[in-house]
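These notes concern the structure reproduced below.
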Amino acid sequence: MGVMRTLRRYNRQLLALFVVLLMIVFMLPQFLKEYFRPDPLNRKIGSVFGEEITYIDRQRTDLEMQVLNQFASYAALAAQQQQTRTDHFNVDAFVQFSDDRILDYLLLVREARHMGLQMADEEVDRILDEWQIPSQLRNLVMERFHLSKQNLRRIIGNYMLVREAYRLSATVTPSDPQLRALFVQTNQRVKTATVPLFASRLADQVGETAPEQLEQYYQQHTEAFRYPDRVAVEYLKVDVAKVKESVEVSRVAAHRYYEAHQAEFTVSTQPATDEAATQPTQPVTRQLSFEEAYPQIVERLKASDARERAIQAISAARDQAMSHWAAMPSDPNTGLKTHPEKVADYAQLAEQMGKRKHVSIQYGQSGLLSRQEAGNYPGLGEAYAIGQNGLVPFADYAFNVVPLVEPPSVEDRRTTEQVLVQDQESPILYAGSVENPDALYVFRVTQVAPSRLPESLQEVREQVQREWKLAQAYDRVQELAGQLVEKARQTKLTELFEAEGGPSEAILAATPVTEPVVATFARRMLSPWEGRLGPPMIEGVEMPTDAFADRAFEVLWPQPTTQPDGQFTTTTIADDDDRTVYVVQLLEKMPVTDQEFQQFKPFLARIALSAAQFEFYRNWFDPENLHKRTGYRPADVD
């Protein structure tokens, strides 16, 4: 009874206490979870030289690169006004080969500091003064990015340390044997006569194959008929030329433009030369009148107005399409927007936005396209987006954008995996120049089909039939090449084609030439501007000419033009990929001399040094090499 009286007496207090205890029971686990939750900014994303890299390190590096880009833009503009060039503060040059530019610049900074390099504040201030960065710009950057003067010095110092680390490592000097090998590669030549024999020219002569033969060929070469990774897209297009047709320019607007740009409308004429004159007469330039310049002005204004209208229309259509994504939350793991339940109907969007902007917007969709087919797709295949690292062709963008419909599994994505961008819908793509485009596009990937084998022969029968015929024709071409070699060893190829009863009708049917193609070539061709070796130019050769030249020198150079038994040196070079056989006869060998080498050596030394420096630059900033040098390991590997 006493207990009951106590409960009745303190009923409200006990109830309040019970509620508090209940709240503690329910809220304590969540409180503890939140309290002990790791700070996301301190989340480890990897390690370098055995030290952790956190998410906040990445954010700081991103900020550093933004600051450097501000200074780089100013330096480039100042250099342009002075008609010079500069790479000051161009941090993008360090990471131009990178897929993850922020991470790789972070690694470069860590590497420079790991090498023991340091830079005093006074040295940083001196660099800013020498590179003519005004104090007003420094203050503006510090204010915009909320930086102290010391933080700004650290950012500039890190950049200079990366430059210094590269400079100290880039000690490359081509040796004399390297220069001599380069000279031999680019100046030692052979002269040949060549007759190409193409299987494709004989394929139509091959009869139909029996079903069991076709099945056997398919089973033996199934991998050759594998479908590549493919994507399907739908897109919107604004034809700038069609927009231009509807643009009208008033004479008032034309005259106003003429008054503002008179200096751009001139014409130069060459006066008649006096026979008695000792010096050539100079061209005479005069100002065009408004009436003379009027057609040019109208053309300019129409093109400019059409471009602006086209950009406004395609931008509005894209913004409308993106509105479905804008309100969606981002995935914390990928940073990508969560897929909305509804996406824009491109066909309806083209009609609605076209009417609103008074511009014709065309809707189109493709079937499944391989990367090569995407690059050759009419119109859209020529378009490109403007990315951080330069221009991104449509084919590259389409295979690296997040599709609206995900493939069956992550493992099957292969080259369709998102790499370049993180847009669910693409930016504006330009066909033609950015300043004067032929057409503007936006697109989205609607289907992804990962690489796979055909389910049966029936699925690819026509392709298999075509390949089987080419294979039979290639066997025949190799036989014909052997026959032509035997004849050419007895009679020079150039004479054989002129002689009565020369090459057989079958050989003539397999080649597009009526006489052998005579060409002189070295193993490689040297570009004096870039200092790089490239494939030689060889007339009449459609296969990769570097591979052709390597094979020709390997087989022909050790041989005399005429063998001891009087036969002419002749061989074959096969291109299995294109199913072509080249019959090649050696006409002359042109060795180099030491005197020629000594004469060209200074020139070669300059070219080779430039090439070696570029090659070192490419290798030094190559992400794979950088990751190996720094021992970088992502967090999921550690």
Side-chain angles (χ1 to χ4, degrees), residues 95-104 223-237 314 317-318 321-322 324-325 330-331 333-340 343-344 346 363-432 434 437 439-454 459-460 463 577 622-624:
V95 291
Q96 61 178 306
F97 311 115
S98 301
D99 290 330
D100 190 337
R101 298 154 67 85
I102 298 173
L103 171 65
D104 288 342
E223 193 64 35
F225 302 103
R226 171 183 287 277
Y227 290 104
D229 291 317
R230 294 172 297 163
V231 298
V233 302
E234 60 179 353
Y235 58 90
L236 302 178
K237 171 187 176 182
I314 203 73
R318 180 181 184 273
M322 287 298 293
H324 293 273
W325 297 87
S330 297
D331 186 321
N333 296 318
T334 65
L336 301 177
K337 290 283 189 180
T338 305
H339 200 301
V343 295
Y346 262 30
Y363 167 75
Q365 56 183 333
S366 75
L368 286 170
L369 304 170
S370 66
R371 187 182 288 264
Q372 181 177 358
E373 290 169 337
N376 295 327
Y377 195 82
L380 185 56
E382 302 173 5
Y384 52 85
I386 302 175
Q388 289 185 342
N389 296 333
L391 303 182
V392 185
F394 158 70
D396 289 346
Y397 211 116
F399 276 81
N400 292 284
V401 73
V402 179
L404 294 183
V405 180
E406 291 292 328
S409 68
V410 174
E411 289 75 16
D412 288 338
R413 292 191 68 171
R414 297 160 63 98
T415 60
T416 56
E417 184 175 3
Q418 181 273 332
V419 176
L420 290 180
V421 292
Q422 293 189 344
D423 300 326
Q424 278 82 356
E425 308 213 16
S426 76
I428 296 174
L429 274 69
Y430 296 80
V434 175
L440 302 174
Y441 296 87
V442 293
F443 78 92
R444 63 186 179 194
V445 175
T446 56
Q447 184 182 355
V448 171
S451 176
R452 68 173 178 86
L453 292 172
E459 189 176 346
V460 288
Q463 184 182 351
D577 292 336
D622 178 77
E624 184 177 352

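Residues: numbered from 1 along the sequence shown. If you're wondering where the values come from, they're calculated on a predicted model, not measured in any experiment.
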(Q) For G432, is there any backbone N or O sitting under 3.5 Å from a side-chain donor or acceptor partner on Y384? (A) yes
Q: State which residue, out of I102, D100, D104, fulfils the side-chain contact (heavy atoms from CB on, under 4.5 Å) condition with V95.
A: D104
Q: Keeping the roles fixed (side chain from S451, backbone from D229), state whether a donor-acceptor pair exists under 3.5 Å.
A: no
Q. Which atoms form the tightest heavy-atom contact between Y430 and P437, and what is the distance?
A. CD2-CB, 4.1 Å
Q: Kindly confirm or rule out a cation-pi arrangement of R444 over Y346, judged by NZ or CZ under 6.0 Å from the six-membered ring centre and within 45° of its axis?
A: yes
Q. Going by atom types only, do Y363 and E234 share a side-chain donor-acceptor pair under 3.5 Å?
A. yes
Q. Between atom CZ of R318 and atom CG of L236, what is the distance when rounded to the nearest 0.5 Å?
A. 11.5 Å
Q) How long is the span from the OH atom in Y235 to the CG atom in L429, to the nearest 0.5 Å? A) 12.5 Å
Q. Out of curiosity, R230 CZ to R371 CZ, how far, rounded to the nearest 0.5 Å?
A. 14.5 Å
(Q) Between Y441 and I314, is there a side-chain heavy-atom distance shorter than 4.5 Å? (A) no
Q.
One pair to check against side chain to side chain contact (heavy atoms under 4.5 Å, CB included): Y377 and L369. What are the steps and the verdict?
A. CA-CA 9 Å; Y377 195 82; L369 304 170; 3.8 Å; yes
Q. Between atom OH of Y227 and atom CD of E459, what is the distance when rounded to the nearest 0.5 Å?
A. 3.5 Å
Q.
Checking the side chain of T446 only, and the main-chain atoms of A232 only, is there a donor and an acceptor separated by less than 3.5 Å?
A. yes
Q) Say you draw a straight line from CD of E624 to OG of S98; how long is it, rounded to the nearest 0.5 Å? A) 12.0 Å
Q) Which pair of non-hydrogen atoms, one from A398 and one from V445, has the smallest distance, and what is that distance? A) O-CG2, 3.4 Å
Q: For the pair E382 and K237, find out whether any cationic side-chain nitrogen is under 4.0 Å from an anionic carboxylate oxygen.
A: no
Q | Minimum heavy-atom distance G379-A431, with the two atoms named | A | O-CB, 4.4 Å
